[in-house]
There are 2 protein chains.
Amino acid sequence: MYSIDSRSAVPVYEQLKRQIIIHIVSGVLNDGEKLPSIRELASAILINPNTVAKTYRHLETDGFVTSRKGLGVFVSASGRELQSNRTEIFKELTDEYVSKAAGLGLNADEIMKGLSERLKGEIEHDKNE
Amino acid sequence: MYSIDSRSAVPVYEQLKRQIIIHIVSGVLNDGEKLPSIRELASAILINPNTVAKTYRHLETDGFVTSRKGLGVFVSASGRELQSNRTEIFKELTDEYVSKAAGLGLNADEIMKGLSERLKGEIEHDKNE
DNA sequence: TTATCTGTATTACTATCATAGTACAGTAGT
DNA sequence: ACTACTGTACTATGATAGTAATACAGATAA
């Protein structure tokens, strides 16, 4: 379901948050649908319940989900329409990409060129989430 | 010279490292050339000398510079060639980036546009320096 | 030698993150 | 009422990262 890379520099709660957002905006999780309970998801992917709670708290702050005490956490009706948040995630992705590429010593032109070559042809193929 | 965004989530030493690498691989800093001393650069851009030292240490580990106690830090003779050895890693980075962006539902044009926007600042900065 | 540059090393403070444990509060079925 | 689920809140601990303050050591010129 959700995969966590414990060696990553990206915090666990952040990795989980991004994956859930992708599921929401891509329709894997539908409006009103209930997410796994905090304790259930925590034991499923072997992380601490507090970390899942933190993820859900952030998702609620961002408007993707609504949590109801005693009931669970549900995808907000407007969750999928949060284009601005999707854009923000994309910006984070881009920042990360540029940062790492710059760390490798590449300049802006080389990064653009590399991405351009990679994108030639298809894009639908690479949906390995 | 070098600009630091203290509000950024990217560590100061990392921001500085990227800018120096760009200067080295783009030829703004030539082989054998001496970098500013730790304390000099620190006071120039108003950061702690330890942070500059950390940047220089990382640059030396990566092979971009060589430091000599009492003398200074100098661009390695092979510094500019280091970028060619990292093409493979860069391709992996690009694959990962494209996959995630595609997972967000973005098409090739949107990805290119987003990256282009993100890189504008870098390009302008390099030209002005 | 002395003074003043240079980089290096050590230590410490702070913030963030992940985890753990515990307790509390709302909901629903029995 | 009882039970078993839900989310929430709070404190504490250990690890790590980033930054900072200070002291140490090599190089060089006066």
Side-chain angles (χ1 to χ4, degrees), chain A residues 2-20 24 29 32-76 79 92 95-96 99-100 103, chain B residues 2-20 24 29 32-76 79:
Chain A
Y2 298 108
S3 63
I4 300 299
D5 178 10
S6 57
R7 297 163 306 176
S8 170
V10 180
V12 174
Y13 83 93
E14 188 67 31
Q15 291 181 47
L16 183 58
K17 178 185 172 186
R18 289 177 187 176
Q19 292 177 47
I20 292 176
I24 292 175
L29 285 168
E33 192 167 346
K34 184 180 178 299
L35 274 64
S37 81
I38 288 175
R39 294 171 179 82
E40 181 186 347
L41 181 52
S43 63
I45 60 181
L46 302 177
I47 64 176
N48 194 278
N50 290 307
T51 305
V52 178
K54 187 175 190 174
T55 300
Y56 284 0
R57 194 166 62 244
H58 280 243
L59 286 171
E60 183 167 35
T61 300
D62 291 353
F64 286 103
V65 302
T66 304
S67 64
R68 284 185 283 172
K69 194 184 287 187
L71 294 175
V73 175
F74 305 84
V75 176
S76 293
E92 288 179 16
D95 270 351
E96 188 183 354
S99 297
K100 289 180 178 175
Chain B
Y2 298 108
S3 63
I4 300 299
D5 179 9
S6 57
R7 298 163 308 176
S8 170
V10 181
V12 174
Y13 82 90
E14 187 67 29
Q15 293 182 46
L16 182 58
K17 178 185 171 186
R18 289 174 191 164
Q19 292 178 47
I20 293 177
I24 291 176
L29 286 168
E33 192 168 345
K34 183 178 179 299
L35 274 65
S37 80
I38 289 176
R39 292 170 181 81
E40 180 186 347
L41 181 52
S43 64
I45 60 182
L46 302 177
I47 64 177
N48 193 278
N50 291 303
T51 305
V52 179
K54 186 174 193 173
T55 300
Y56 284 0
R57 195 165 62 243
H58 280 241
L59 287 171
E60 182 167 35
T61 300
D62 291 352
F64 287 103
V65 303
T66 304
S67 65
R68 283 186 284 171
K69 192 184 288 185
L71 295 176
V73 174
F74 305 85
V75 177
S76 292

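Keep in mind that what you see is a predicted model, and the values were worked out from it rather than measured. Just so we're on the same page: letters track the sequence lines, and every chain starts at 1.
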S.K.: Look at the side chain of Pro11(B) and decide which nucleotide, out of dA28(C), dG7(D), dG18(D), has an atom nearest to it.
M.R.: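 Ranking dA28(C), dG7(D), dG18(D) by closest atom to the Pro11(B) side chain puts dG18(D) first.
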S.K.: Does dT8(D) have OP1 or OP2 under 4.0 Å away from a side-chain N or O of Ser67(A)?
M.R.: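 Looking at the OP1 and OP2 atoms of dT8(D), one of them is under 4.0 Å from a side-chain N or O of Ser67(A).
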S.K.: Strictly below 4.0 Å: does Ser37(A) bring a side-chain N or O up to OP1 or OP2 of dC5(D)?
M.R.: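 So the side chain of Ser37(A) is outside the cut-off, no N or O lying under 4.0 Å from OP1 or OP2 of dC5(D).
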S.K.: Take the protein atom NZ of Lys34(B) and the nucleotide atom P of dA27(D), then report the distance between them rounded to whole Å.
M.R.: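 From Lys34(B) NZ to dA27(D) P: 15 Å.
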S.K.: Expressed in angstrom and rounded to an integer, what is the separation of Asn50(A) atom CG from dT13(D) atom P?
M.R.: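 Checked: the CG to P distance equals 16 Å.
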S.K.: Where is the tightest heavy-atom contact between Ile20(A) and Tyr56(A), given as atom of each residue plus distance?
M.R.: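 For Ile20(A) versus Tyr56(A), the nearest heavy atoms are CD1-CE1, 3.9 Å.
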S.K.: Can you find an N or O donor on one side and an acceptor on the other, under 3.5 Å apart, linking the side chain of Arg39(B) with the base of dG7(C)?
M.R.: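 Answer is yes: a donor-acceptor pair is held.
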S.K.: Quickly work out the Lys54(A) NZ to dA9(D) P distance and round it to whole Å.
M.R.: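 Going from Lys54(A) (NZ) to dA9(D) (P), I get 14 Å.
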S.K.: Distance check needed: dT19(D) C1' versus Arg57(B) CZ, whole Å only.
M.R.: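 Result: 12 Å.
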S.K.: Closest-nucleotide mapping onto DNA chain C: is Leu71(A) or Ile47(A) further toward the 5' terminus? I mean the 5' end.
M.R.: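 Whichever sits nearer the 5' end wins; that is Ile47(A).
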S.K.: Remember a base hit wins even if backbone is also touched, and classify Ile38(B) as base, sugar-phosphate or nothing at under 4.0 Å, heavy atoms.
M.R.: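 Base, at least one base heavy atom under 4.0 Å.
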S.K.: To the nearest Å, give me how far apart CG (Leu16(A)) and P (dC17(C)) are.
M.R.: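 Answer to the nearest Å: 15 Å.
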S.K.: Are OP1 or OP2 of dA21(D) and a side-chain N or O of Asn48(B) less than 4.0 angstrom apart?
M.R.: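 It does, given that an N or O in the side chain of Asn48(B) lies less than 4.0 Å from OP1 or OP2 of dA21(D).
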S.K.: Picking from dA20(C), dT8(D), dC17(C), which would you name as closest to the side chain of Glu60(A)?
M.R.: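 Out of dA20(C), dT8(D), dC17(C), the nucleotide with an atom closest to Glu60(A)'s side chain is dT8(D).
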S.K.: Would you name the heavy atoms of Pro49(B) and Ile38(B) that are closest together and state the gap between them?
M.R.: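 Reported closest heavy-atom pair: O-CG2, 3.2 Å.
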S.K.: Can you tell me how far CZ of Arg57(A) sits from OG of Ser67(A), rounded to the nearest 0.5 angstrom?
M.R.: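 The distance works out to 10.0 Å.
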S.K.: Does Tyr13(A) have a side-chain nitrogen or oxygen under 4.0 Å from the phosphate oxygens OP1 or OP2 of dC17(C)?
M.R.: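 Yes.
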S.K.: Is it the case that the side chain of Thr66(B) and the backbone of Phe74(B) share a donor-acceptor pair, with hydrogens and angles ignored and the cut-off at 3.5 Å?
M.R.: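 No, Thr66(B) side chain to Phe74(B) backbone: no donor-acceptor pair under 3.5 Å.
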S.K.: Please report the distance, rounded to the nearest Å, between CG in Leu59(B) and P in dT8(C).
M.R.: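 Taking atom P of dT8(C) as the reference, CG of Leu59(B) is at 12 Å.
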S.K.: Round to a whole Å and report the spacing from CZ of Arg7(B) to C1' of dT19(D).
M.R.: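 After rounding, the reported distance stands at 19 Å.
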S.K.: From CD of Glu40(A) over to P of dT6(D), roughly how many Å is that when rounded to an integer?
M.R.: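 Taking atom P of dT6(D) as the reference, CD of Glu40(A) is at 7 Å.
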S.K.: Please check this pair: side chain of Asn48(B) against backbone of Asn50(B), looking for a donor-acceptor N/O pair closer than 3.5 Å.
M.R.: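 Indeed, once roles are kept as given, a pair shorter than 3.5 Å links the two residues.
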S.K.: Closest approach to the side chain of Lys69(A), judged atom by atom: which nucleotide of dT19(C), dG26(C), dC17(C) is it?
M.R.: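 The listed nucleotide nearest to Lys69(A)'s side chain is dG26(C).
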